[in-house]
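For clarity, every value in this text was computed on a predicted model and none was experimentally measured. The analysis underlying the following values was restricted to heavy atoms, covering all of them including side chains, and did not include hydrogens, waters or symmetry mates.
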Amino acid sequence: MEVTVKENQLFVVLSISEVSSSSFTLFTKDEPVFARFGSGSGVPEVRFGQEFESSTDVVIDLRTAQLFKLGPAESLCVSGAVEDNKENAYSRGISIQFKNEEESRAFHCAFEQWKTEVVVQGSPLPNGAVSTSKSKFDEKIEASSAKMYFHYYGQLLHQQNMLQDFVRTGTYYAAVIENRADFLGRVVVDVGAGSGILSLFAAQAGAKHVYAIEASEMAEYAKKLIAGNPSLNGRITVIKGKVEEVELPVKADILISEPMGTLLVNERMLESYVIARDRFLVPNGKMFPGVGRIHMAPFSDEYLYMEIANKAIFWQQQSYFGVDLTPLQRSAYEGYFSQPVVDAFDPRLLVAPAISHVINFNSIKEEDLYEIEIPLKFTCSVSTRIHGLACWFDVLFNGSTVPRWLTTAPGAPTTHWYQLRCVLSQPLYVMPGQEITGHLRLVSHKAQSYTIYLTLSATVGDMLQTSSGKLDLKEPYYRMSQPQAYSLAQDQQHTQLLQTQDILTLSLDQDGSVPVQQPSPNSGAELHSL
């Protein structure tokens with residue numbers, strides 16, 4: 001059900017005092033001071049007093065007021081006011097002292113809810129911003145990018161695309177339901193809730209209460225969806241806002257989210273997930289998912305290479321309607337190779353066992369995601385031309401009962417993330433047993449994505465070959481084509497390469513986790529069967 005703000009919502013505060021050149025307490029300390037939110041005068045207001053609507057009450061018009069935290073249990077309320085002649089505007093500052101931090105947080109929530117007349121879904125527990133200052137999200141993300149991002153995820157057709165990814169949705173459902181013990185009676189925060197599907201899963205698993213935080217207009221659809229499930233909606237509160245800005249009345253025992261983008265880190269939502277951990281999660285609380293890994297391996301694909309290179313042939317024309325296009329040929333060639341390729345490729349294209357880079361969401365700092373440096377070292381298994389680096393990711397839901405992986409590996413059931421390949425404009429020639437070295441560097445930018453810097457090197461005889469590329473993860477080439485046919489020898493080689501990954505284990509304990517075996521890319525059907 002939907003609930004609106006309560007009329008005459010009441011709080012007890014320790015004291016309030018006027019902020020001026022000589023601060024003084026406005027009420028005696030012998031009796032409690034009440035703060036009442038209401039709209040009896042026709043406008044939203046908060047009234048401070050020791051009696052019910054006394055002439056000595058301090059009344060703050062919420063339409064012109066702002067609230068700032070000075071400390072865990074102390075806040076400053078600044079209100080605009082106008083004299084009777086409507087010309088002399090001035091500000092008034094009221095210092096408010098609360099009993100504890102929890103009371104302060106609840107008051108801030110009510111203040112913002114009354115101020116904006118927010119209608120929340122489910123429980124009447126309110127939400128609101130800590131202050132009106134510019135958030136961390138706004139400081140590091142371009143406004144135009146954020147606008148497009150929230151517009152995209154505010155549309156039902158894009159939510160449907162994700163919901164119909166049955167590998168994704170089914171794995172989340174299984175991870176939650178199979179680990180009911182982690183959710184039963186617990187407070188859950190759904191970070192970037194979207195349609196609210198994960199919040200509903202958590203409620204099905206017996207969560208005490210779920211706070212579904214969603215910054216886009218999808219929050220309104222989430223309210224409708226949750227309201228249409230009456231057996232669960234009383235335990236879910238939809239909060240419209242960014243996790244960097246909203247305030248919650250309680251801490252969470254579990255965070256659940258789907259913060260993964262292409263190559264795991266695209267869209268930079270992992271940073272918001274980590275910020276939510278630092279702001280809302282109790283010590284030793286759980287994160288679903290709790291670990292992510294980026295897997296990388298060199299690949300050989302003549303078809304793909306020629307497809308990209310041939311796109312620039314158009315610019316070789318010297319008389320296109322009488323115009324010489326060749327001055328732009330080189331720029332066009334470089335531009336096509338600056339696009340990472342997103343598709344589902346045949347894993348037999350891999351020419352060396354994959355390596356992995358682990359990101360532990362439980363312990364990583366937000367700043368560590370601004371720039372990610374990954375050293376590369378492979379041993380080639382065939383004589384071939386290497387055309388670039390293939391990448392995919394997986395995440396771990398480290399439940400107490402059933403640890404479960406969600407993988408996007410080649411050869412596993414396809415997800416809406418597919419896989420990603422960085423194609424180099426200059427291939428490398430390699431022999432069996434030859435070592436390939438290099439590095440992959442991901443540098444975040446304000447368009448909510450990353451610039452990819454890739455370098456691969458190999459030595460043939462006395463000759464060192466090096467090939468480098470700069471790609472923009474924000475502008476991929478979505479390529480959906482049928483995989484090419486490969487020989488039996490290549491097929492057998494592929495099996496050997498992927499089996500090498502099967503023996504990898506992840507050791508994460510209390511500063512990180514428990515040992516869990518790496519899933520085989522070929523075991524996707526087993527992983528995702530419900």
Side-chain angles (χ1 to χ4, degrees), residues 260-268 292-312 331-357 359 369 371-378 380 384-394 408-410 415 417-430 436-445 447-458 465-481 483-484 497 521:
M260 301 89 73
T262 308
L263 194 59
L264 182 61
V265 297
N266 189 37
E267 297 180 341
R268 298 185 63 180
R293 296 186 298 181
I294 300 173
H295 301 276
M296 299 144 287
F299 72 93
S300 179
D301 190 341
E302 293 288 348
Y303 298 101
L304 174 61
Y305 178 79
M306 293 306 299
E307 177 186 333
I308 295 174
N310 286 340
K311 287 182 179 183
S331 297
Y333 185 82
E334 293 172 352
Y336 288 124
F337 278 97
S338 72
Q339 291 184 281
V341 177
V342 175
D343 67 351
F345 65 83
D346 191 316
R348 287 172 291 186
L349 296 170
L350 304 178
V351 298
I355 63 172
S356 303
H357 176 76
I359 299 177
L369 293 168
E371 186 171 329
I372 301 170
E373 184 88 27
I374 305 173
L376 304 175
K377 187 176 182 180
F378 308 98
C380 190
T384 188
R385 288 213 310 172
I386 291 177
H387 295 104
L389 190 71
C391 307
W392 61 95
F393 71 86
D394 54 26
T408 65
T415 70
W417 290 287
Y418 299 94
Q419 293 96 40
L420 179 136
R421 286 184 284 174
C422 300
V423 185
L424 295 170
S425 60
Q426 180 60 54
L428 300 178
Y429 293 83
V430 293
I436 306 159
T437 59
H439 63 268
L440 179 69
R441 184 168 165 242
L442 308 175
V443 181
S444 63
H445 56 66
Q448 287 176 275
S449 192
Y450 287 78
T451 301
I452 303 172
Y453 298 91
L454 171 64
T455 297
L456 291 178
S457 299
Q465 307 170 81
T466 297
S467 184
S468 299
K470 177 182 177 183
L471 304 93
D472 188 355
L473 188 55
K474 180 78 171 182
E475 301 292 341
Y477 164 37
Y478 290 100
R479 175 182 183 259
M480 305 305 160
S481 61
Q484 305 294 330
L497 294 179

Out of curiosity, [X] [atom1] to [Y] [atom2], how far, rounded to the nearest 0.5 Å?
X	Y	atom1	atom2	value
Y333	I308	OH	CD1	9.5 Å
L349	E302	CG	CD	11.0 Å
L376	M296	CG	CE	6.5 Å
Y336	N310	OH	CG	11.0 Å
R441	Y453	CZ	OH	6.0 Å
I374	L389	CD1	CG	9.0 Å

Between the main-chain N or O of [Y] and the side-chain N or O of [X], is there a donor-acceptor pair closer than 3.5 Å?
X	Y	value
Y429	I386	no
S449	N266	no
W417	M260	yes

Heavy-atom side-chain proximity of [X] to [Y] below 4.5 angstrom:
X	Y	value
Y418	D343	no
V265	Y450	yes
L304	H387	no
V430	V351	no
K377	I355	no
F299	V423	yes
P340	I452	yes
F337	Y305	yes

Expected list for residues 467-474: side-chain donor-acceptor pairs under 3.5 angstrom, two or more places apart:
{"residue": "S467", "atom": "OG", "partner": "Q426", "partner atom": "O", "Å": "2.7"}
{"residue": "S468", "atom": "OG", "partner": "T455", "partner atom": "OG1", "Å": "3.0"}
{"residue": "D472", "atom": "OD1", "partner": "H445", "partner atom": "NE2", "Å": "3.3"}
{"residue": "D472", "atom": "OD1", "partner": "K474", "partner atom": "N", "Å": "3.0"}
{"residue": "K474", "atom": "NZ", "partner": "A447", "partner atom": "O", "Å": "2.9"}

>> How close do L454 and C422 get, counting heavy atoms only, and between which atoms?
In response: CD2-CB, 3.7 Å
